[in-house]
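Throughout, protein chains are lettered first and strands after them, A, B, ... in sequence-line order, and every chain is numbered starting at 1. This is a predicted model, so every value here is computed, not measured.
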Protein chains: 2
Amino acid sequence: MRKPTLHDVARAAGVSYSTADRVLNARGGVAPKSADRVRDAIATLGYERDLHAANLSRGRNYNFRFLLPKDDHSFFRALRAAVDREQDLRRADRILISVTEIPALDADALAHALDAEGSACDCLAVVATEAPRITAAITALRARGIAVVTLVSDAAPEARAAYVGIDNVMAGRTAGRLLRLAHATRQGCILPVLGSVSARDHRDRLDGMNAVLAGETPALRVLPALSVDDRPDIMRARVTQALADHPDITGIYSIGAGNRGLIEVLEARQTRPLVVMHELTPVSRAGLERGLVDAVIDQKPAQEVALAIDVMKAIADGRDWHDPARDIIPTIFLKDNLPAPADNPQISAS
Amino acid sequence: MRKPTLHDVARAAGVSYSTADRVLNARGGVAPKSADRVRDAIATLGYERDLHAANLSRGRNYNFRFLLPKDDHSFFRALRAAVDREQDLRRADRILISVTEIPALDADALAHALDAEGSACDCLAVVATEAPRITAAITALRARGIAVVTLVSDAAPEARAAYVGIDNVMAGRTAGRLLRLAHATRQGCILPVLGSVSARDHRDRLDGMNAVLAGETPALRVLPALSVDDRPDIMRARVTQALADHPDITGIYSIGAGNRGLIEVLEARQTRPLVVMHELTPVSRAGLERGLVDAVIDQKPAQEVALAIDVMKAIADGRDWHDPARDIIPTIFLKDNLPAPADNPQISAS
DNA sequence: CACAAAATGATTGACGTCTGTCAGGACTTT
DNA sequence: AAAGTCCTGACAGACGTCAATCATTTTGTG
């Protein structure tokens, strides 16, 4: 019961290997009648082309390119590290991954990179932002037959092939649910802290939290959101001020970055509000471990990168794939379900 | 800048292809001096054998076998479904997966299956239980060079190659942390409900919860655990009784199965305690969605199965792999971060 | 130096697919 | 009937590795 080969298909269809090959690879020049018989044989035998042999024969490599923001927030460092790791792991599968760093928040640079880099690869993964130029660039790539996968942050939902990242409204709702859970019986006052008011992701999270806290919990008041520009120093100053202004703050939801500043404020106090923040970084992890932070909502960048590559490969192979959204869910880390710290040495087969 | 082939290695080492091949595949009959030169060349060129070509040449298939408990709890159904799904996905990579169902909780049957099935495959994945017979069987397989991966439930930590599953103490701690979070300012009383007192996994979870709740929170009292034999009917009866006996119960931690019974009790009440249970099943999911359950701690069986297969493949290829424990963490699902419901239709590349 | 043993090189045919070429047959068109 | 299409089959050389055979060279021993 060997897997059928194309030779078997040809024999079953009563044609030569050449003809079966012409049908399989759509080279044309085959009579409709013969083509049908080949297709029938493929179906009845359950033939599946051996992709490894095919790639070997073609000398094919998969060239995937990642366009990542050049930014030294821990989150993007982690994302970059994940891509680098996959680079090694996938090489054995003929997948060549290259990374281009784009100045953060520079829509022009990103659009330009999309135009330029698109030619040199089979599929692109981009941490996108929503801007007309970028939508246009992705649409143009699609027209040229180059698929674009958006990563972490979506754009051009009509034109990109897939989005691999969390639903930020869902993430915000999750934060809201945690805050609500912790306020089951008490009154309270929630302080949301935005990284930047302009970022779509941050607004989505805020909206999500509000949706969960609104109405149903009159005892829980949500203050107007602070905005700290993702910077620890501004975070420290504004949060300190807010805590002074509103002694009844019982919960803080930090939506963006700059959490080092928040932690500094927290560790200077005896009593602290409930704190929920985003992204498991060395800072937030330490915050959890030291009991200064209650929950961290993470999007597991390493898993996102791995899934993005899986999707890109499926696209390149012309296979079907299932919606990655199902597997990318905001993950709640508490003090007690943290993954093992950092990079363990490899364990070898003995 | 093509990837170097074994021909390149041979040329660089100044030997023939045959000799390089003899070194690479340890066929023997090579002078130490030549062998060293080949190894040097491999190192300096960064040669990596093309596994796909090698497998093609050998006609090699990976035969992996899963020994799963024959049990119609939703969790094991989900586990089985995940294996079936991987069966299709991995066939293209020459990975043939077969499943043998073992009567649940029957250590003899499992040990017997381990002895019998081990011969017919390259690597075994087992939902194990801790019993001397099973430890012995796994140790015997290891001696015969057949690796065993324990799945969901560990055993014979010295002899098995890897464990792919959550740390149940960690899961229990996580549940405890959630309960604590929700009792920040109020007094309360927690009712733990065991599936079966004998199961190691359940005891671990209970211990974990106790570890988090003990001492630090004098306002939070933990009642003696109920035991409901993983059965909904017993669950309903005992929990109803407990709620009557202890009107001050503010939290329930359901450690095992039978949650349908618990949900029935909850929906009959106006006010309900905080509820944390395990495993995202149709029942627990509905409980979350209807607001009857607050949190579900899940171990993501589909991901576990996928990771187990990755590890098995690495073992079979003699590659290094990293400890799967880092990627398998108890996941907290709330009402708001549930994955998309069930099986979406496939989205095809357009 | 002779001779066996050990080491090496050369070669070949797989594995399943891709890609290209060439020849011949069937059929239509003038 | 000749010339032109369109289809089809046969074959060959690659891709990188495995596995086996056989011939040749080198080495070591007495």
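Within a 6.0 Å radius of NZ in A:K70, no more than 12 heavy atoms belonging to other residues, nucleotides or ligands are found.
The shortest heavy-atom contact between B:D327 and B:H322 is OD2-NE2, 3.4 Å. When all heavy atoms are compared, the tightest approach of B:A159 to B:I138 is CB-CG2, 3.8 Å.
We find that CZ of A:R27 is positioned 16 Å from C1' of D:dC7, with the value rounded to whole Å. Remark: P of D:dG16 and CG of B:N25 are 17 Å apart, rounded to the nearest angstrom. Between the P atom of D:dC15 and the CG atom of B:D8 lies a distance of 11 Å, rounded to the nearest Å. Residue B:R60 contributes atom CZ, which lies 17 Å from atom C1' of D:dG16 at whole-angstrom precision. Atom CG of B:D21 and atom P of D:dC18 are 6 Å apart (whole Å). The distance between atom CG of B:L6 and atom P of D:dA19, rounded to the nearest whole Å, is 13 Å. For the pair A:D50 CG and D:dC15 P, the interatomic distance rounds to 18 Å; values are reported in whole Å.
Residue A:H52 is out of contact with every strand shown, counting any heavy-atom pair closer than 4.0 Å. Residue B:L51 is classed as having no contact, given no heavy-atom separation below 4.0 Å to the nucleic acid.
Listed for the B:R37 side chain is a donor-acceptor partner under 3.5 Å among the backbone atoms of B:A13.
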Can you check side chain to side chain contact (heavy atoms under 4.5 Å, CB included) on A:H112 and A:I102, steps first, answer last?
-> CA-CA 10 Å; A:H112 188 264; A:I102 313 289; over 6 Å; no
Could you give me the CA-CA distance, side-chain angles and deciding distance for B:V152 and B:E304, then say whether side chain to side chain contact (heavy atoms under 4.5 Å, CB included) is met?
-> CA-CA 8 Å; B:V152 173; B:E304 287 180 341; 3.4 Å; yes
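For the 3.5 Å distance criterion, the side chains of B:N55 and B:Y62 qualify, holding a donor opposite an acceptor.
With salt bridges taken as basic N to acidic carboxylate O contacts below 4.0 Å, one links B:D50 and A:R94. Ion pair A:D36/A:R39 flagged as a salt bridge, since at least one NZ, NE, NH1 or NH2 atom sits closer than 4.0 Å to an Asp/Glu carboxylate oxygen. Look at B:D8 and B:R11 and you find a salt bridge, because one of the NZ, NE, NH1 or NH2 atoms lies within 4.0 Å of a carboxylate O, short of that distance. Ion pair B:K313/B:D310 not flagged as a salt bridge, since none of the NZ, NE, NH1 or NH2 atoms sits closer than 4.0 Å to an Asp/Glu carboxylate oxygen.
Contacts between residues 28-47 of chain A and DNA chain D, defined by a heavy-atom separation under 4.0 Å, are made by A:G29, A:V30, A:A31, A:S34.
At the phosphate of D:dC18, OP1 or OP2 sits under 4.0 Å from a side-chain N or O atom of B:R49.
Take B:R49 and apply the salt bridge (Lys or Arg N to Asp or Glu O under 4.0 Å) test, not counting sequence neighbours, and it matches no residue. With sequence neighbours left out, the salt bridge (Lys or Arg N to Asp or Glu O under 4.0 Å) criterion links B:R91 to A:E48, B:D88.
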So which protein nitrogen or oxygen atoms get under 3.5 Å of nucleotides 9-11 of chain D's nitrogens or oxygens?
unit_1, atom_1, unit_2, atom_2, d
D:dG9, OP2, A:S16, N, 2.9
D:dG9, OP2, A:S16, OG, 3.2
D:dG9, OP2, A:T19, OG1, 2.8
D:dG9, N7, A:R22, NH2, 2.7
D:dA10, N7, A:S18, OG, 3.0
D:dA10, N6, A:S18, OG, 3.4

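When each of B:L151, B:T100, B:V148 is checked for a side-chain contact (heavy atoms from CB on, under 4.5 Å) with B:L67, only B:T100 meets the rule.
Each end of the helix from C:dC1-D:dG30 to C:dT30-D:dA1 yields a helix axis from five base pairs, and these two axes differ in direction by 40° (to the nearest 10 degrees).
Note that the first and last nucleotides of DNA chain C, 5' to 3', having any atom under 4.0 angstrom from a heavy atom of chain B are C:dA7 to C:dG16.
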